[in-house]
2 protein chains.
Amino acid sequence: MSDETKGAAASGGADARRRRNTGRITLRDVAAHLGISQISVSRYFQEPQRLSEELRERIAGAVAELGYVPNLVAGGLASARSRVVGMVLPNISGPIFADTIQSFSDALTARGYQLLLASSYFSATLEENAVRAFLGWSPAALVLTSHHHSAATEKMIEGANVPVIETWDFQPKRAPIQIGFSHVKVGRLAARHLVDMGYRRIAFVQNSLAGDISALDRRDGYIEVMRESGRRPWTFVPTEPQPLRAGRQALEALVRRREPADAIIFANDNLASGALLAARGAGVSVPDQCAIVGFGDYAFSEMLSPGLTTIRPPARAIGELAAETIFGLVERDRDDPADGAPAAPEELFCELIQRESTHEVR
Amino acid sequence: MSDETKGAAASGGADARRRRNTGRITLRDVAAHLGISQISVSRYFQEPQRLSEELRERIAGAVAELGYVPNLVAGGLASARSRVVGMVLPNISGPIFADTIQSFSDALTARGYQLLLASSYFSATLEENAVRAFLGWSPAALVLTSHHHSAATEKMIEGANVPVIETWDFQPKRAPIQIGFSHVKVGRLAARHLVDMGYRRIAFVQNSLAGDISALDRRDGYIEVMRESGRRPWTFVPTEPQPLRAGRQALEALVRRREPADAIIFANDNLASGALLAARGAGVSVPDQCAIVGFGDYAFSEMLSPGLTTIRPPARAIGELAAETIFGLVERDRDDPADGAPAAPEELFCELIQRESTHEVR
DNA sequence: TTGTACGCGTTATCAA
DNA sequence: TTGATAACGCGTACAA
């Protein structure tokens, strides 16, 4: 039963030959409708400049008339590439990465890319699962956070021929492309600010969520500055999982001491605002009795009263640069493998935003 | 040594047979490695219970050893279905939909589904582009917001055989599955609260972002209650695009009148908090001089001072129910088309959260 | 329980 | 500028 396969199918008639007709309008349907070959319709979407203007217009009409929607799955299989980018962040719904997600997503959308998003909640296992699933889609690139991944994740990344970008961190020694900043420097910046303002008993409050290793880097920076300025580092680890409550817990613990803290650096703005809110109720005056510094400059941090002194990460720039880097890599691969910019890892920097929760001590 | 064809592929040697070798480890490689057929390896992932335990273990070993990652693109093409769900919301990075995204994403992840996310920014065109791209991936379902789509979007949705769920709205007449609440009722709830508290000159401030039609529904509910209680509706449309500034603009405009507003309902908590912040600076006391009500109960709304009275949407429930509904639909299709729950649209309800920005007037 | 054969809808390759 | 043909890697249908 070796009949002429393409002829009948191209006529668009009842093709009983196809075993599983999904009912979907395909490239072949559009081509048959116009009496041209599939590949021309494919080119209409891939490289329209190669088609004559007349053909282009005919195809455009047929596409609109039939309501053809390109099957990206089939295209992805045939080309072993896709316009999807996978992004795994510790938290895709909180305020922390909001600006990064937005700027990244907008840049992707503008270039016709789609975004696969997943939260890792600082769990290497969840990250691994997300990476595995995303790699299954032959993404144009993968965007991860920080440099701490499971061994299996590292292995998958090496095996897959997919560019990986690590964001929100910068460790000069790492091999993959990194778009971020040094958390140690952030910790130093916060501590230096408080030391310069004249505070003496400066504490650091860690994230109660284990796995936030970047927060530990910030703590290390804080410790460095404390040592350099002849002070004793003093860290507190809250047990409350909920950030607002953890912040409250830390404030109460650190202020109700014989030698209470006169300034506290929190691992992030969520914790810091929990402390700020608790301070009101507990009659602790901020910043007179105790100064507070956060990290992240979340949208609400300037709306608190007193306004929260914090450190603003280059969240938007990270998203934009990540997207640009990906576009650069994809285009370089398409043209000449040895061409184009080497995609040099760029160190970004954070900015201290001083508000009312810290002030000069005299 | 007799199985030359498989051996070459598994060894990764130069197999002239395959025209475009992507270098990727495939089902075939795993099968060849074990000397079994591809389909058994496929079944290991699809329906492992059909395999003998011994075979299952051998396959598990080979998968781990070779670092095989299933190609979801190929699987999606073969089966015309995928474990991807597309979600288009007006804003994927703001606090508004944060809880919906998180609960939805978590539910998907738990069942091995992936999430494609896009922002529409209240633009029907951007939504249309996202829907077109997402449909190209043969998603298991599509989740949209509200009931307002472009004609082209509606057409694509009808043509594609993909279940669509509309969220964050509830209009009894609509055909697609809806998981949300009535915005008219929300407007009524806010207005009723203020009327009951004794406020007299109650204004409504719209979103400065055109396209937020749900906010207009809330306004309509407000207007109904005002009419019912013999008051004159009074709406203000800010021109400032930035929400915080728009809120400030509205407050200033409404309070500096000959007959100033004594209560303002804002289209959302962003606008409301802009007004709350401006009130401090402008010496307007809230709620004594002017009460403020928002919508959304964003994470920061309880952290403001005074705390913001607002209406809390069932954001988390929407995400959870949307995910459950999708799972139900997918499983129903797999088993018996005429079986299972009919996925009845469920009306959800909002809750008024009273904080310090409104109080009883006497 | 395991296997064979084929096609899902597109793009890469080669040809005209 | 346009076309014919063969993969891409997997799941479905059917067979043993």
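Residue numbers begin at 1 in each chain, while the letters A, B, ... track the order of the sequences. As the structure is a prediction and not an experimental result, all values here were calculated from the model.
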Which of D/dG3, C/dA12, C/dT10 is nearest the side chain of A/Ala78? It is C/dT10
> Do B/Arg111 side-chain atoms and B/Phe327 backbone N/O form a donor-acceptor pair below 3.5 Å?
Replying inline: no
Remember a base hit wins even if backbone is also touched, and classify B/Tyr68 as base, sugar-phosphate or nothing at under 4.0 Å, heavy atoms. sugar-phosphate
Against the side chain of B/Asn71, the closest entry in D/dG9, D/dT2, C/dG3 is D/dG9
The correct set of residues in residues 129-138 of chain A placing a heavy atom under 4.0 Å from DNA chain D is none
| request: Could you tell me whether the side chain of A/Ser119 and the main chain of A/Ile92 form a donor-acceptor pair under 3.5 Å? | output: yes
Out of C/dC8, D/dA4, D/dC8, minimum distance to the side chain of B/Leu77 belongs to C/dC8
**Asked** Within the structure, does a side-chain N or O atom of A/Tyr44 lie under 4.0 Å from either OP1 or OP2 of D/dT1?
**Response** no
What nucleic acid atoms does B/Ile39 come within less than 4.0 Å of, heavy atoms only: base, sugar-phosphate, or nothing?
-> base
So, OP1 or OP2 of D/dT12: does either fall under 4.0 Å of a side-chain N or O from B/Arg81?
yes
Under the ring pair (Phe, Tyr, Trp, His ring centres under 6.0 Å) rule, what do B/Phe45 and B/Tyr68 come out as? Steps first, then yes or no, please.
-> CA-CA 12 Å; B/Phe45 289 98; B/Tyr68 169 68; 5.7 Å; yes
Ranking B/Ala74 and B/Arg50 by the position along DNA chain D of their nearest nucleotide, the one closer to 5' is B/Ala74
Among the nucleotides C/dG9, D/dT12, C/dT11, whichever has the atom closest to the side chain of A/Thr26 is C/dG9
- prompt: Is it true that a side-chain atom of B/Ser82 and a backbone atom of B/Ser138 form a donor plus acceptor pair closer than 3.5 Å?
  reply: yes
Side-chain atoms of A/Gln38 come closest, of C/dT10, C/dG9, C/dT2, to C/dT10
> At under 4.0 Å between heavy atoms, what does A/Ser52 touch on the DNA or RNA strands: base, sugar-phosphate, or nothing?
Replying inline: sugar-phosphate
Please evaluate the base of D/dT1 for a donor-acceptor partner in the side chain of A/Arg43 within a cut-off of under 3.5 Å?
no
What's A/Leu72 touching, base or sugar-phosphate or nothing? Going by heavy atoms closer than 4.0 Å.
nothing
The residue, A/Gly75 or B/Ser40, whose nearest nucleotide of DNA chain C is more 5′ is B/Ser40
Please confirm whether the shortest side-chain N or O distance from A/Gln46 to OP1 or OP2 of C/dT11 is below 4.0 Å. yes
*N/O donor-acceptor pair under 3.5 Å between A/Thr145 side chain and A/Val88 backbone*: yes
**Study point:** Polar side-chain atom of B/Ser42 near backbone of B/Gln38 as donor-acceptor pair, under 3.5 Å
**Key:** no
### Side-chain N,O (B/Ser37) to OP1/OP2 (C/dG3) below 4.0 Å
yes
